[in-house]
Structures are given as structure tokens and as C-alpha cells.
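Here's the structure we're looking at; comments come further down.
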Amino acid sequence: MAISYEQGVAFVEGFAAAIAENKDYLTQLDSEIGDADHGINMQRGMQAVLPKLGSLAGTDLSQLFKTTAMTLISTVGGASGPLYGTLFLQLGTATAGRSEISPQEWSQALDAAVQAVRARGRAELEDKTMIDALQPAADALRTAVQDGVPFGDALTASERAAEQGMQATIPLVARKGRASYLGGRSAGHQDPGATSSWLLVRAARQAFAGDA
Amino acid sequence: MAISYEQGVAFVEGFAAAIAENKDYLTQLDSEIGDADHGINMQRGMQAVLPKLGSLAGTDLSQLFKTTAMTLISTVGGASGPLYGTLFLQLGTATAGRSEISPQEWSQALDAAVQAVRARGRAELEDKTMIDALQPAADALRTAVQDGVPFGDALTASERAAEQGMQATIPLVARKGRASYLGGRSAGHQDPGATSSWLLVRAARQAFAGDA
Amino acid sequence: MKKLINSVEDVVKEELEGVAAAHSDLVKVHFVPNYVFRSDAPVSGKTAIVSGGGSGHEPMHGGFVGLGMLDAACPGEVFTSPTPDQILEATKAVDGGAGVLHLVKNYTGDILNFEMAADLARAEGIEVEAVVINDDVAVQDSLYTAGRRGVGTTVLAEKICGAAAEARRPLKEVAEICRRVNANGRSMGMALTSCTVPAAGKPTFELGEQEMEIGIGIHGEPGRERRALATADEIVEMLARPIVDDLPYRRGDSVLAFVNSMGGTPLIELYIVYRALTRLLDGVGVKIERNLIGPYITSLEMAGCSITLLKLDDELTRLWDAPVNTPGLRWGI
Amino acid sequence: MKKLINSVEDVVKEELEGVAAAHSDLVKVHFVPNYVFRSDAPVSGKTAIVSGGGSGHEPMHGGFVGLGMLDAACPGEVFTSPTPDQILEATKAVDGGAGVLHLVKNYTGDILNFEMAADLARAEGIEVEAVVINDDVAVQDSLYTAGRRGVGTTVLAEKICGAAAEARRPLKEVAEICRRVNANGRSMGMALTSCTVPAAGKPTFELGEQEMEIGIGIHGEPGRERRALATADEIVEMLARPIVDDLPYRRGDSVLAFVNSMGGTPLIELYIVYRALTRLLDGVGVKIERNLIGPYITSLEMAGCSITLLKLDDELTRLWDAPVNTPGLRWGI
Ligand SMILES: Nc1ncnc2c1ncn2[C@@H]1O[C@H](COP(=O)(O)OP(=O)(O)O)[C@@H](O)[C@H]1O
Ligand SMILES: Nc1ncnc2c1ncn2[C@@H]1O[C@H](COP(=O)(O)OP(=O)(O)O)[C@@H](O)[C@H]1O
Ligand SMILES: [Mg+2]
Ligand SMILES: [Mg+2]
Ligand SMILES: [Mg+2]
Ligand SMILES: [Mg+2]
């Protein structure tokens with residue numbers, strides 16, 4: 001039981017589909033505590049990624065993730081562009097030359113990717129950012145995989161952790177990103193980036209749990 | 001039976017009161033086919049006239065009307081400032097040195113004043129301006145006085161003519177003033193200046209018909 | 001009504017106090033009667049130029065007082081012509097012995113008040129010439145009406161005549177140049193929103209989310225017609241085509257293209273309008289030699305724009321390029 | 001949404017096409033990746049200055065490219081930071097061999113994208129210094145947060161550093177001057193209305209007829225707090241007092257006072273705000289040596305204003321006065 005290149009493509013395509021579906025929702029969340037463009041930004045980026053996937057056929061997971069990263073970096077802008085770009089870039093580095101990886105390797109790649117995003121954005125847990133969804137997701141996946149939980153269930157646990165982390169951003173007062181300018185007024189609103197991160201973790205579950 | 005200096009003052013004060021009362025109405029009319037300031041302009045002017053009346057005590061009708069004229073000219077601006085200023089200036093000239101005048105003399109003074117306004121503004125009847133209220137008022141007064149109609153009734157006829165002239169501006173397409181820029185769109189709206197002119201003629205009736 | 005003001009009565013007075021405080025190096029402000037004048041006025045031997053009109057069009061006119069443009073500007077109440085005594089005092093204050101040009105926009109109120117002031121000034125022995133700007137193609141011209149409004153071309157005339165006067169051209173020639181600018185300039189404007197006269201307290205007219213007014217003036221009044229909201233390219237077609245056809249501007253003509261904000265429309269949109277205008281003019285073979293883009297003749301906070309074209313000749317171009325130093329327009333110095 | 005645009009996707013592209021058509025004498029525009037650059041770039045031996053950020057703040061930054069100010073500006077989508085490749089290409093295009101200053105406003109997106117671009121440029125052997133502007137006193141500063149936003153002081157820093165670079169000061173010194181400007185500049189802004197991001201199609205927030213937002217940034221986001229509508233004098237007190245107390249500006253200090261429109265507020269109101277500011281500063285004994293009044297760093301069509309104070313010394317004043325020739329700011333030439 002492993003994650004194939006095709007599943008990697010399904011993951012990226014699934015994330016793009018989820019963003020397209022939730023574009024206005026993400027922008028709405030960003031208009032409450034940001035500048036009303038998160039959905040627009042992510043949509044622009046992922047729509048730029050899709051047409052490139054075809055030409056990647058026959059390459060490996062690393063190429064897939066790196067191409068996704070470079071495309072996001074050069075089309076999204078904003079805070080989310082470099083951050084999601086960094087996340088996929090690290091996934092690419094962690095899967096160098098591999099056309100399929102094991103659940104353990106995916107968990108390690110995700111750990112490294114989340115670490116890279118934290119380093120790039122200098123955000124901690126509870127700063128009310130995408131980290132609040134990504135870190136719990138990576139932690140839950142690691143534990144479950146280590147405990148030998150079936151991969152499908154591990155991915156589900158990871159997704160649930162991301163969702164809970166996303167919901168947990170609602171009461172938080174933002175310390176990073178635009179929302180931090182609002183001070184106390186940022187409390188009571190769900191962080192848009194944490195929401196798109198949950199969509200990413202969910203897309204991974206949907207793509208990888210296939211044969212679980 | 002004559003028009004005294006006190007009645008002249010009552011006329012000017014009555015016009016000021018009528019403007020104050022109808023300020024928003026006149027501005028509303030001007031907002032439909034002009035630039036929403038006729039009531040504001042006339043109010044500014046007549047409120048500037050009132051405090052000057054006290055110091056005129058002991059002078060004559062000519063001083064009263066000339067002071068009113070100069071004050072309107074120097075405080076109103078817009079189209080109505082010079083036009084009403086010209087009207088009162090001519091009333092002042094026509095009553096030079098007089099502390100009371102006869103109904104005939106008032107009718108002649110009004111004729112001269114309306115003529116002066118027409119000369120200043122180059123407006124004809126049915127151009128949708130104050131002339132459409134002033135000219136019929138002057139004509140009706142002249143005829144009635146010539147026919148020996150009691151002065152009170154003559155003033156009433158003059159006021160009714162002004163009111164009808166004002167109402168008759170509604171269907172007209174403006175050829176002078178701001179409303180002319182609207183072309184056909186100016187039809188269906190009552191002219192603000194014709195409306196303030198009707199108030200002026202009404203104020204004359206109220207002030208002069210006193211002992212009729 | 002949401003405005004950064006203290007009281008509706010004090011808007012003009014306090015704005016002028018702000019101007020006086022901000023630009024004491026360039027202009028002085030006289031209060032009661034109100035007028036803005038060059039701090040070095042009167043400039044002896046120079047033709048003086050006095051303009052004016054209602055307030056609410058800033059930077060016009062007060063922002064155009066200074067070297068190479070106006071000698072004085074007479075601001076009336078918001079959208080209300082100034083009074084003769086304001087204009088007379090300003091005329092006397094800036095006359096440098098070479099006479100005074102009254103640069104007047106064609107509105108009954110402006111015409112009548114400037115006429116009265118000119119009569120009074122001449123009675124005091126000052127030579128006064130008046131030139132009336134009437135460039136708005138939205139208004140059908142006719143002998144029997146008040147004629148066309150004076151709009152965007154006024155700004156260009158003030159700059160160009162100011163340069164001519166600065167070059168010590170005599171009053172008659174400056175007036176002649178002003179008539180030439182008026183004869184070669186045409187404008188048309190549109191509104192996406194109305195504006196609120198402070199003393200009135202509410203918008204002069206109401207516009208639906210999907211409506212716009214085409215053929216407006218600069219006093220917040222409704223325009224020639226109400227239309228369904230359209231794209232920038234379509235709007236430029238509605239404004240620029242009648243302008244081009246009116247003079248007409250012909251293949252090979254060189255023009256100054258002036259894209260103006262009515263006050264509430266930001267620069268990012270003006271450049272989209274300018275882009276469309278360049279394409280339309282390319283299509284008819286008219287060359288843009290110079291341009292001016294920004295809020296220069298406004299209707300308070302109204303959203304919308306106007307387009308002005310001025311057919312250039314070498315002299316007009318030279319005068320346009322000449323140095324100017326005013327609060328609202330500056331180059332070459 | 002009522003805007004003079006053609007399609008929400010093309011706003012930035014078409015605006016840049018308009019800029020390119022309007023100002024070909026001063027700037028060139030490169031498309032994909034998008035950046036505006038001096039038509040005479042690279043100026044060999046001169047420190048180059050590159051700034052950038054989301055679009056929607058016009059004339060900042062593209063309107064400040066030219067002699068004596070920026071060498072290049074990188075416009076992102078509306079309110080969205082530009083991407084590293086835009087910044088990298090612009091940096092390479094204008095480097096005259098003396099290194100490039102990245103003048104960055106403190107927003108996570110701007111910081112991250114400029115950081116990535118700087119890394120890539122350095123990898124290609126270009127010397128890059130980055131200075132971050134964070135002057136917004138509405139945001140409490142702290143080690144644990146993103147810190148203060150970069151707002152009005154950015155415009156002043158671009159002008160002053162541009163003059164220093166034009167005078168051939170080396171990169172390190174230009175960067176040092178930029179830090180000094182940032183250290184001596186403070187701003188705060190307010191909104192009477194929200195604004196509409198074209199791609200979003202509706203106002204970012206809703207404000208009642210009697211409400212205003214105090215302590216906003218420049219991205220149409222709500223501010224520090226919502227308050228009841230107040231007079232211009234009261235609003236200036238709310239904005240300028242925290243600014244004065246923050247640095248603090250002390251009796252005897254000389255400042256540049258910058259009163260900025262958020263885009264939809266017309267000049268007539270800005271002068272009423274400036275008047276109130278002069279009175280407040282008189283009260284604390286701070287002298288206004290220079291001023292800038294108008295829409296220079298905007299949030300699309302938002303109505304509102306911001307106030308920026310910059311404490312001046314002789315060098316900063318000299319650099320401010322030095323000639324500048326850009327589409328958005330021009331004097332001395
Ligand atoms: N320093 C940071 N670290 C991690 N995530 C961040 C950081 N700053 C912002 N974010 C995330 O980015 C999201 C906003 O993204 P987006 O709206 O696309 O960019 P911008 O804020 O530049 O408009 C926030 O909701 C937050 O989750
Ligand atoms: N040429 C004219 N002759 C006579 N009356 C005129 C003329 N032009 C305008 N008016 C009158 O002036 C009125 C408008 O006055 P007002 O609103 O105070 O001035 P403005 O039009 O300058 O704002 C019009 O309703 C009209 O009756
Ligand atoms: Mg955002
Ligand atoms: Mg009016
Ligand atoms: Mg008026
Ligand atoms: Mg953004």
C-alpha cells in the first residue's frame with residue numbers, strides 16, 4: 001500500500017477543485033479579518049497549476065510538487081503564495097526522484113513541509129494562521145501512522161485534526177498576518193488560510209485513502 | 001390708500017419669511033432640474049438683508065429696496081443673486097426719494113423691475129424661469145389697477161397670475177438657466193426660480209393689501 | 001451625508017483657511033469677500049487672469065493660482081457662482097496695469113456675476129476682457145438657450161492663457177488665445193454616482209446600482225440621459241465619439257487628451273479610461289501629443305469621469321509646456 | 001459594483017497599458033511579469049530602488065517611478081503582494097551595478113515575496129538591501145505579532161531615498177536614510193466608506209450612515225475600531241494625537257505633514273482636515289516645514305483620509321526638495 005504518482009496528481013487536482021468550490025467562501029472569510037482576496041488568490045494559483053499537470057506525465061512526485069510550488073509562487077502573491085509555495089516545494093524536496101512513497105514517507109514529507117511553512121512565516125500555533133490547521137494535521141497523521149492505524153483511518157484522523165484546528169482559530173486573536181492588525185476585533189472569525197489548509201488536508205485524504 | 005415705508009418693510013420681511021419657510025422645497029425643486037442650491041442661496045441672501053432693515057428706519061422705500069438689492073447681489077451669487085438684485089435695484093430706482101407710493105406707482109415699479117430682470121437675464125416668457133411668474137404678475141396687476149379694481153383684489157389677481165405662471169412652467173422644456181442643459185428632461189418639473197418669484201408676489205399682496 | 005467637514009456653513013471658509021495655511025509660498029487668501037490670489041500679485045505689466053465659480057470643483061480654480069496660470073480665483077459657495085464684489089475686489093487686487101482677463105465658464109450665474117463685476121471694474125478704470133468657455137458637447141447649442149456649459153476645457157485654458165500672460169502677451173492677445181482654446185476644445189462627462197451638496201445634506205439625485213448618467217456637468221446635476229451601466233470601453237465610446245464628431249477632430253490632428261475624475265473615481269480607473277481613449281483616437285487617426293489625467297475639475301465626491309480633447313497647434317503646445325507652479329498643477333520649475 | 005472597468009480580470013493589465021500609453025516619456029511597462037520601470041533604466045552607477053505591493057493604491061507605486069524617485073515598481077493584483085519573479089525581473093532590469101534597495105511595506109505577503117526575490121537576486125550576484133516601512137500607529141507593535149503596517153511614510157521614503165540615489169549615494173547610505181525616514185515617520189488613517197475589490201464584487205465591509213472606521217490600513221480592511229461619525233476636527237484629533245504621542249513629536253520639532261485621501265475623498269475635504277491639523281500641531285509647538293496634500297496612497301475608491309508626520313532634519317528636507325519627475329509627483333524640473 002503506497003501513494004502513487006497518479007494519486008499525487010489526484011491530490012493536487014482535488015485541492016484545486018476544493019479551492020474552486022470554496023473560492024467565494026474563502027474570500028468572504030478574508031473580507032471579515034483580511035482584505036477579501038484569499039479565495040481569489042488561491043483560485044488564480046491552482047487554476048494556473050492544472051494545465052501544467054498534463055506535461056508532467058511520466059515524471060515523479062517530486063516534479064509534480066515542485067511544479068505546483070513554482071506555479072503558486074509565481075501566480076498567487078500575497079502571503080498565501082509564498083507559504084503554500086514553500087509547502088509544496090518542501091514536499092517536492094522530500095520526495096526527490098520518487099514515483100511512489102509509503103504512508104510513513106508521506107507523513108515525514110508533510111512534517112517537513114509544515115516545518116518549512118513555519119520557518120518561512122515565523123508563525124507559531126494559535127497565531128490564527130494556516131499553521132493552526134496544518135500542524136495538528138501533521139501531528140495526527142504521524143501518531144496514527146506510527147501506531148500502525150490503517151492509512152485510510154490515519155488520513156481521516158489527520159483531516160479531522162485539521163478541521164478542528166481550523167475551527168479553533170475562531171476565538172483566537174490573530175498575531176500574524178493581516179488579521180493581527182485588527183487586534184481584538186479578529187476574534188470570533190475563522191481564519192481563511194486555516195480553512196484553505198483544511199481543504200488541502202482533506203484533498204490528501206480523498207486522494208490517498210483510495211485503496212486504504 | 002397708499003403703500004407706506006412700513007408696508008415696504010413688511011413686504012421684504014414677508015419675502016424673507018416665505019423663503020425661510022420654503023428653503024428646502026426650493027432646493028428640492030432645484031435638485032430636480034438644477035444644482036440643489038436655490039433655497040440655500042435665497043435663504044443666505046434674505047437672512048443677510050433682515051439685520052440691515054433696522055438701521056434703515058427713517059429712510060425711504062428707495063433706500064429699502066436698494067439696500068435689499070445690494071445685499072442680495074453681494075451674498076447670493078448664482079443666477080438668482082444678480083437677477084433678484086436687479087429686480088430690487090429697479091424697484092429702488094422707480095421709488096427714488098419716496099416714503100410712500102400709490103398702487104399705480106407700485107404697478108409701474110414692478111413693470112420696470114420685471115423688464116430689468118428680462119434685460120439682465122435675456123430670458124423670454126416660457127423659457128422656464130422666474131420670468132414666467134413675474135411677467136404675468138406684473139401684467140395682471142397693471143390691468144387690474146387700470147380697470148380701477150380695488151387694490152387688495154388687484155394684488156390677489158397678481159398673486160394668482162404668478163401662481164399660475166409658476167405652475168405653467170412644469171410642462172415647459174427649459175431654454176435658459178441650468179435646467180436648459182437637461183433638454184427634454186427638464187419638462188415635468190416646476191421651476192425653482194418661478195416658485196421663489198411667486199413667493200415674492202405673494203409677500204407683496206400680504207404686505208400691501210393690509211388696508212384694502 | 002458622510003464628509004470630512006465641521007459644519008455645512010463653514011465648508012468653504014475652512015477649506016480656504018486650509019489652502020492659505022498649506023500654500024502660503026504660492027498664494028494668499030483674502031476673506032470677505034473671498035478670493036485666492038498670487039502671493040506676488042499684482043505683477044506689474046502682466047496681463048492678469050481672474051477666474052472663479054462655485055466651490056466643489058477643487059483643485060479648480062483656487063488650486064490653479066500661481067506662476068504661469070491664474071492671478072486670482074473667486075470661490076463661491078458650493079456650486080454657486082461668486083458674487084460681483086468678490087470678483088471686483090480680486091480684479092482690483094491683481095491688476096498690474098495691463099488689464100485683466102475674466103475667464104468665465106458658461107453658466108447663467110457665472111456670466112451675470114462676472115458681467116456685473118466687469119462693469120464695476122471698468123467704472124474704476126480697469127481694462128477688463130471676458131472670455132466665456134462653453135465646451136460641453138452634451139448640450140445642444142442654440143441661439144435661444146443658455147448654450148453649452150463650460151467644463152474641462154476651462155482647466156486647459158487657464159494653463160495656456162496663464163503661460164501667455166506670463167510671457168507678457170497683452171490682454172487682447174491673451175483673450176484671443178483663450179477664444180482659440182475654447183474653439184478647439186470639447187468635453188463630455190458621465191457619473192456613476194451623484195454627489196451631496198453639504199448644505200443640502202442628501203444626494204442631488206439617486207442612481208440605481210445598474211444605472212449611470214451620461215452628459216453631466218460639474219454641479220452634481222443629472223445629465224443628458226440615464227443609461228444602463230456599461231464597460232469603460234463602451235463609456236469612452238459614448239463620451240469621446242460625440243466629442244470627435246463635434247469639432248470635428250480629423251485624421252492627422254494632434255490633441256491634448258484630458259481624462260478627468262469627477263472626484264470619487266480613483267486613478268486606477270482613469271488609466272483604464274485613458275487606454276480606451278487612445279484606442280478610439282488611434283482608430284480615427286488623431287494623435288495624442290499631450291495628456292492630463294487626474295481629478296482637476298470635480299463635482300465634490302461624485303464618481304465618474306469626463307473626457308476633454310483640445311486640438312493643438314505649435315503655439316498652444318508651447319504654452320502648455322511652459323513652466324507652471326500652482327498648488328494643483330506644476331512642472332518645469 | 002460601479003467602476004470604470006471592462007472586466008475584473010483585466011483591471012491591473014489594462015491600467016498598466018493606460019500608464020504605458022500615458023507616460024512613455026517617463027516610464028516603460030513590462031508585462032508578464034508585470035513591472036513599471038524608468039525608461040532610462042538601468043542608470044549605471046546609481047543605486048536602484050524597487051518597490052511594489054498590491055494594486056489599488058495608485059498613484060503608489062507605479063506613479064512614483066521616474067527621475068528622483070523609484071527605478072521600478074511591481075504591481076500585484078488588487079491588494080495582493082506581487083510575486084517573487086516580478087520583483088526579481090524588475091530588480092535585474094534596473095540594477096545599474098550599484099545595487100538595489102527593496103523598499104517594502106510591512107505586510108506578511110510583501111515581506112515574504114520580496115524576501116524570496118532578494119534571495120534569488122543575490123543568487124544572481126546582485127547586491128540587494130531591503131528596508132521595511134512600518135509606520136502605522138493604529139497597530140500596537142510587538143515582537144510576537146506581524147507588527148505595524150507600512151502606510152503613508154512609504155510615499156515619503158520613496159521620494160527621499162529616490163533623491164539620495166539620484167545624488168549617487170551608495171546603497172548602504174540610501175538604505176540608512178530609508179531607515180531614518182521610517183524611524184521618524186508615523187501615520188494613522190480612517191474610513192468613511194469601505195471599498196470594493198473588483199474580483200470580490202462587493203464592499204469589503206459595511207458601514208452605517210453614522211459610522212466610521214478609525215485605524216484602517218490601505219487594503220479596504222476594517223480598522224482598529226468602529227466609531228460614531230464625527231467632525232473633521234474631532235477626526236484629526238483621533239488620528240494626529242496618537243501620532244504625535246507615539247514618536248513622540250516634541251515642541252520645536254519640524255515636520256512634513258502629509259494629508260492623504262483614501263481615494264474617494266475630494267480635495268475640498270482634505271484642506272479642512274489640513275486646517276485642523278495645523279491647529280493641533282500649533283498647540284503642541286510642532287512646526288510644519290513641508291506638506292503634501294492629495295490622493296497619493298489610496299484604497300481604491302474608499303472615502304476617508306490618513307495623516308502622516310515625518311520629523312525633518314536638514315538632510316531629509318534637502319532630499320525632499322530635490323527635483324522629482326514622475327507621473328504622480330513632480331517638481332523642480
Ligand atoms: N506569517 C504567517 N504564517 C502562516 N500563515 C500566514 C502568515 N500570515 C498570513 N498567513 C495566512 O495567510 C492567510 C491570508 O492569505 P491571503 O489573503 O491570500 O494573503 P494576504 O493576507 O496577503 O491577502 C491568512 O488567513 C493566514 O492563514
Ligand atoms: N437667464 C435667466 N433669466 C431669468 N431667470 C433665470 C435665468 N437663468 C436662471 N434663472 C432662474 O434662476 C433659477 C436658479 O437659481 P439658483 O439655483 O439660485 O442659481 P443657479 O442656477 O446658478 O444655481 C432658475 O430656477 C431660474 O428661474
Ligand atoms: Mg487576503
Ligand atoms: Mg441652483
Ligand atoms: Mg448654483
Ligand atoms: Mg491580499
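Keep in mind it's a predicted model, so treat the numbers as computed, not measured. We name chains A, B, ... by the order of the sequence lines, and we start the count at 1 in each one.
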Identify the heavy atoms of Y181(B) and V139(C) that sit nearest to each other, and give their distance.
CD2-CG2, 3.9 Å

For E126(B), I'd like to know if atom CD has over 12 heavy atoms of other residues, nucleotides or ligands within 6.0 Å.
no

With rounding to the nearest 0.5 Å, note down the distance linking CG in D37(B) to CZ in F79(C).
9.0 Å

Can you say whether T75(B) sits under 4.5 Å from chain C via the side chain, the backbone, both, or neither, judging by heavy atoms?
backbone

Select, from G184(B), A174(B), P82(B), A123(B), the one with the greatest count of heavy-atom pairs under 4.5 Å involving chain C.
P82(B)

Measure across G34(B) and P222(C) and return the closest heavy-atom pair with its distance rounded to 0.1 Å.
O-CD, 4.4 Å

When rounded to the nearest 0.5 angstrom, what distance separates CG in L72(B) from OG1 in T83(C)?
11.5 Å

Among R226(C), K202(C), H219(C), which has the most heavy-atom pairs under 4.5 Å with chain B?
H219(C)

Which atoms of I40(B) come close to chain C, meaning under 4.5 Å heavy atom to heavy atom: side chain ones, backbone ones, both, or neither?
side chain

Can you measure from OG (S31(B)) to CD (E206(C)) and round to the nearest 0.5 angstrom?
10.0 Å

Within the supplied structure, the quantity of interest is the number of heavy atoms (other residues, nucleotides, ligands) at a distance under 6.0 Å from R160(B) CZ; does it exceed 12?
no

Per-residue contact mode, E124(B) against chain C (heavy atom under 4.5 angstrom):
neither

Give, as side chain, backbone, both or neither, the part of Q140(C) having an atom under 4.5 angstrom from any heavy atom of chain B.
neither

Compare every heavy atom of A200(C) with every heavy atom of T27(B), then report the nearest pair and how far apart it is.
CG2-CB, 4.3 Å

Top contributor to chain B contacts, counting heavy-atom pairs under 4.5 Å, from P84(C), P82(C), G76(C), G54(C):
P84(C)

Are the side chains of L83(B) and L112(C) in touch, meaning some heavy atoms are under 4.5 Å apart?
yes

Lys/Arg-Asp/Glu bridge criterion (N-O < 4.0 Å) met for R185(B), E221(C):
no

Side chains of K176(B) and T108(C), heavy atoms from C-beta outward: is any pair under 4.5 Å?
no

Heaviest contributor of heavy-atom pairs below 4.5 Å to chain B, chosen from G220(C), G201(C), G217(C), G223(C), is G223(C)

Any idea which heavy atoms bring A146(C) and G177(B) closest together, and the distance?
CB-N, 3.9 Å

Is it the side chain or the backbone of Y107(C) that comes within 4.5 Å of chain B heavy atoms, both, or neither?
both

Chain B contact via N113(C) - side chain, backbone, both or neither, heavy atoms under 4.5 Å
both

So do R120(B) and M116(C) actually touch side chain to side chain, heavy atoms under 4.5 Å?
yes

Report the option among V78(C), I216(C), T204(C), I111(C) that has the most heavy-atom pairs separated by less than 4.5 Å from atoms of chain B.
T204(C)

Please step through side-chain contact (heavy atoms from CB on, under 4.5 Å) for the pair T80(C) and R44(B), ending with a clear verdict.
CA-CA 12 Å; T80(C) 302; R44(B) 185 173 55 249; 3.7 Å; yes

Which atoms of E9(C) come close to chain B, meaning under 4.5 Å heavy atom to heavy atom: side chain ones, backbone ones, both, or neither?
neither

